[in-house]
Q: 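Please see the structure below; I have some questions.
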Number of protein chains: 2
Amino acid sequence: MKDHQELLNLPHKTIERLSQYRRALLLCLEDGRTHIFSHEIAKIQHITPVQVRRDLMLIGYSGTLRKGYNIRELIDLIGEIIDSEEMINVAVVGVGNLGRALIKYFNGKRHKLYIVAGFDINPEKIGKIINGIPCFGTEDMDRVVREKNIKIGILTVPAANAIESSKRLVDAGIKGIVNYTPKPIEVPDNVYLEEYDMVTTLEKVAFYVKMAELKGEKVEGGN
Amino acid sequence: MKDHQELLNLPHKTIERLSQYRRALLLCLEDGRTHIFSHEIAKIQHITPVQVRRDLMLIGYSGTLRKGYNIRELIDLIGEIIDSEEMINVAVVGVGNLGRALIKYFNGKRHKLYIVAGFDINPEKIGKIINGIPCFGTEDMDRVVREKNIKIGILTVPAANAIESSKRLVDAGIKGIVNYTPKPIEVPDNVYLEEYDMVTTLEKVAFYVKMAELKGEKVEGGN
DNA sequence: TTTGCAATGTTATTTACTTAACAAAAATAT
DNA sequence: ATATTTTTGTTAAGTAAATAACATTGCAAA
Ligand SMILES: NC(=O)c1ccc[n+]([C@@H]2O[C@H](COP(=O)([O-])OP(=O)(O)OC[C@H]3O[C@@H](n4cnc5c(N)ncnc54)[C@H](O)[C@@H]3O)[C@@H](O)[C@H]2O)c1
Ligand SMILES: NC(=O)c1ccc[n+]([C@@H]2O[C@H](COP(=O)([O-])OP(=O)(O)OC[C@H]3O[C@@H](n4cnc5c(N)ncnc54)[C@H](O)[C@@H]3O)[C@@H](O)[C@H]2O)c1
């Protein structure tokens, strides 16, 4: 299999697409299919077949001519590349509306990723099991992160608390953060950070919708 | 001001960043500041000052040397570019955990974007006001979209219902869709589509965290 | 003054990503 | 058998985005 450097050389976009391919492939598998063509994957993902084949080339997977790719094999290979050997444990900080939606969405899914704890400051939540996972007070973060070997934190606290919460996560030894609050946070170099805000997405859609209306004609699809 | 073609030539990434700049600038304004330097904006957004200046150059905004950019002016200019003249109305389809989180997050915010309706099939939700917005049955989508002049739909139904719901939205005449279900949907060319799935984000973070651990050293930050 | 500095604004270069072009192979049709 | 089609795999070309380089400006300090 590919060595570390080769894996790190994979384009970031390819990593994202591999995750998406796998999700689509798992659905196909459920439908009882065994093989799939690049153009079928492409259709699902709104990209070109060439891109699919190129991604698969980069990870060194070969299909069979005129038969396509073996879905099971491909799923497994993607797993070998993007998943860790052992489970990676995840915590949600801020078990509010969004936090609970994420927990619910995740729970009961396959993956090498598991949400194993929530953190909150609301006494009514602390000590309870929420959507199947235990909720702790933030003062226990250090201990729980260590004991449960939590590597990634998902930030869904109110924006005003984003900075302090991210500091706590970093201090507790977390290695990756996904920040869903609209407040950009800062983390040290050794912590991997992704930020996402729905408003940006919506404003972008609104912009292209506006432009399409002004032109009275179509614009090509999303990013 | 810039004409349509010039606006459409702006890089997609610049459009996204303009939205983000504005959000950050609004916070600065609340802090009572009047001016800001490119390197300050850059710090907040985890990008380089050059990129900020380049984006602002592209939209034709000039700061004052040694004083930076006028926050108020810049916010207004960004608004002129990415916002529409009139309000753009938005609907949420699937008023569950995620849908409610989004509504709550949006409600009471500035913007030219407003979530004005929710759609669901659960009889307990239909007819109610949820987080301040009225919830309708999906059978009324055509009518409500027309009456309320809704342009954008946010899809937060269960994955199994994503396809049918997106079709309904398109049939009702919607012009943009943000799909938060893990099921990729298809829309005609004249509908602008953005899809987002948290699992992809988390798996990407997990991948780079894993790689960092294997290397025993740092990787550079997110995308 | 005039020199240095800290900032902006713009062009040039580089890097990252996507798409196009095409060769090769296997199945199918002639 | 031979040609045609369909699909993969790979290299080459093209686009888009980010970064670097640098010219410019006006203030501040000497
Ligand atoms: N990125 C997006 O698309 C998106 C969408 C919706 C909401 N949001 C953001 O996500 C965040 C959560 O939204 P929500 O609707 O779930 O809000 P919410 O108020 O329902 O939940 C926030 C939770 O955080 C807890 N909390 C408060 N301070 C805390 C702290 N210091 N440490 C730990 N927990 C703390 C609260 O007790 C509450 O349970 C907000 O910042 C919101 O702006 C983002
Ligand atoms: N993108 C993400 O990051 C993310 C995160 C969490 C959840 N999700 C996804 O978002 C979706 C919603 O998640 P949730 O936790 O809010 O689920 P949920 O079950 O709480 O909510 C779904 C809602 O949709 C309604 N519904 C069902 N069928 C419908 C239909 N045909 N038309 C209109 N409404 C219908 C249900 O009555 C319910 O109110 C799911 O697809 C989930 O996988 C995505």
Side-chain angles (χ1 to χ4, degrees), chain A residues 2 5-21 25 33-71 73-74 77 200 204 207-208 219-223, chain B residues 2 5-21 25 33-71 73-74 77 200 204 207-208 219-223:
Chain A
K2 307 212 152 274
Q5 199 48 55
E6 275 180 292
L7 290 187
L8 274 177
N9 285 342
L10 291 172
H12 284 218
K13 287 290 173 76
T14 295
I15 298 296
E16 288 177 14
R17 282 191 297 265
L18 289 176
S19 163
Q20 288 161 2
Y21 296 161
L25 292 170
R33 304 189 50 181
T34 62
H35 289 75
I36 193 167
F37 295 126
S38 60
H39 64 258
E40 295 177 293
I41 300 178
K43 186 94 183 298
I44 298 171
Q45 300 299 142
H46 315 302
I47 57 179
T48 64
V50 185
Q51 181 131 73
V52 173
R53 291 203 298 275
R54 212 174 183 295
D55 284 335
L56 300 190
M57 183 198 83
L58 290 174
I59 65 172
Y61 185 67
S62 292
T64 22
L65 210 47
R66 291 186 80 100
K67 221 180 151 192
Y69 301 94
N70 181 303
I71 295 177
E73 278 179 20
L74 186 46
L77 178 59
T200 295
K204 186 180 173 192
F207 172 79
Y208 287 106
V219 280
E220 86 289 9
N223 91 359
Chain B
K2 307 211 151 277
Q5 199 47 55
E6 275 181 291
L7 290 187
L8 274 176
N9 285 343
L10 290 172
H12 283 217
K13 287 292 173 77
T14 295
I15 298 296
E16 287 178 14
R17 282 191 298 266
L18 288 175
S19 164
Q20 288 161 2
Y21 296 162
L25 291 170
R33 303 189 52 182
T34 62
H35 288 75
I36 193 167
F37 295 125
S38 60
H39 64 258
E40 294 176 294
I41 300 179
K43 186 95 183 297
I44 297 171
Q45 301 297 144
H46 315 303
I47 57 179
T48 65
V50 185
Q51 180 132 76
V52 174
R53 292 203 296 276
R54 212 173 182 295
D55 284 336
L56 299 191
M57 183 199 84
L58 289 175
I59 63 171
Y61 185 67
S62 292
T64 21
L65 210 48
R66 291 186 80 100
K67 223 181 150 192
Y69 301 95
N70 181 302
I71 295 177
E73 277 179 20
L74 186 47
L77 178 60
T200 295
K204 186 181 174 192
F207 172 79
Y208 287 106
V219 278
E220 85 290 8
N223 94 355

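Labels below follow one simple rule: chain letters A, B, ... track the order of the sequence lines, proteins then strands, and each chain is numbered from 1.
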Q: Rounded to the nearest angstrom, tell me the gap between atom CD1 in B/Ile47 and atom C1' in D/dA17.
A: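 Atom-to-atom, B/Ile47 to D/dA17, this comes out as 12 Å.
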Q: Measure the distance from CE on A/Met57 to C1' on C/dC17 and round it to the nearest whole Å.
A: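 The distance from CE of A/Met57 to C1' of C/dC17 comes to 13 Å, rounded to the nearest Å.
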Q: Of all the nucleotides listed (C/dT8, D/dA18, D/dG9), which has the minimum atom distance to the side chain of B/Tyr69?
A: C/dT8
Q: Please report, rounded to the nearest Å, how far the P atom of C/dC17 is from the NE2 atom of B/His12.
A: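 It works out to 17 Å between those atoms.
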Q: Ignoring backbone atoms, establish whether B/Arg66 has a side-chain N or O less than 4.0 Å from OP1 or OP2 of C/dA6.
A: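 For B/Arg66, the contact criterion (side-chain N or O under 4.0 Å from OP1 or OP2 of C/dA6) is not met.
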Q: Working to the nearest 0.5 Å, report the span between CZ of A/Arg53 and CD1 of A/Ile41.
A: 10.5 Å
Q: Counting any heavy atom closer than 4.0 Å, what does B/Thr14 reach on the DNA or RNA strands: base, sugar-phosphate only, or nothing?
A: nothing
Q: Nearest 0.5 Å please: distance from the CD1 atom of B/Ile47 over to the CD atom of B/Gln20.
A: 8.0 Å
Q: Measure from CD1 on B/Ile15 to P on D/dA17 and round the result to the nearest Å.
A: 10 Å
Q: Starting from P on D/dT24, measure out to NZ on B/Lys67 and report it in whole angstrom.
A: 24 Å
Q: Please tell me if A/Ser38 has a side-chain N or O lying less than 4.0 Å from either OP1 or OP2 of D/dT7.
A: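 False: A/Ser38 side-chain N/O out of range (4.0 Å or more) of D/dT7 OP1/OP2.
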Q: Output the single nucleotide from D/dT19, D/dT7, D/dG9 whose closest atom is nearest the side chain of A/Phe37.
A: D/dT7
Q: Mark yes or no for whether A/Gln51, through its side chain, and A/Thr48, through its backbone, hold a donor-acceptor pair below 3.5 Å.
A: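 No, A/Gln51 side chain to A/Thr48 backbone: no donor-acceptor pair under 3.5 Å.
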Q: Does A/Arg17 have a side-chain nitrogen or oxygen under 4.0 Å from the phosphate oxygens OP1 or OP2 of C/dT18?
A: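 So the side-chain polar atoms of A/Arg17 do come within 4.0 Å of the phosphate oxygens OP1 or OP2 of C/dT18, strictly under.
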Q: Looking at A/Arg53, I'd like to know whether one of its side-chain N or O atoms comes within less than 4.0 Å of OP1 or OP2 on D/dG9.
A: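 No, outside the criterion.
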Q: Rounding to an integer number of Å, can you tell me how far A/Gln51 CD sits from C/dA21 P?
A: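 About 16 Å, once rounded to whole Å.
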Q: What is the distance, rounded to the nearest whole Å, between atom OH of A/Tyr61 and atom P of D/dG9?
A: 9 Å
Q: Does OP1 or OP2 of C/dT13 have a side-chain N or O of B/Arg54 closer than 4.0 Å?
A: no
Q: Only one of A/Ile59, A/Leu77, A/Leu74 clears side chain to side chain contact (heavy atoms under 4.5 Å, CB included) with A/Leu18; which?
A: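 So the option named by the test is A/Ile59.
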Q: Below the 4.0 Å mark, does D/dA18 have OP1 or OP2 next to a side-chain nitrogen or oxygen of B/Thr48?
A: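 For D/dA18, OP1/OP2 do not have a side-chain N/O of B/Thr48 under 4.0 Å.
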Q: Rounded to the nearest 0.5 Å, how far apart are CG of B/Leu25 and CD1 of B/Ile71?
A: 6.0 Å
Q: In whole angstrom, what separates A/Leu58's CG from D/dT8's C1'?
A: 15 Å
Q: Which comes earlier along DNA chain C counting from the 5' end, the contact point of B/Leu56 or that of A/Leu65, where each point is its nearest nucleotide?
A: B/Leu56
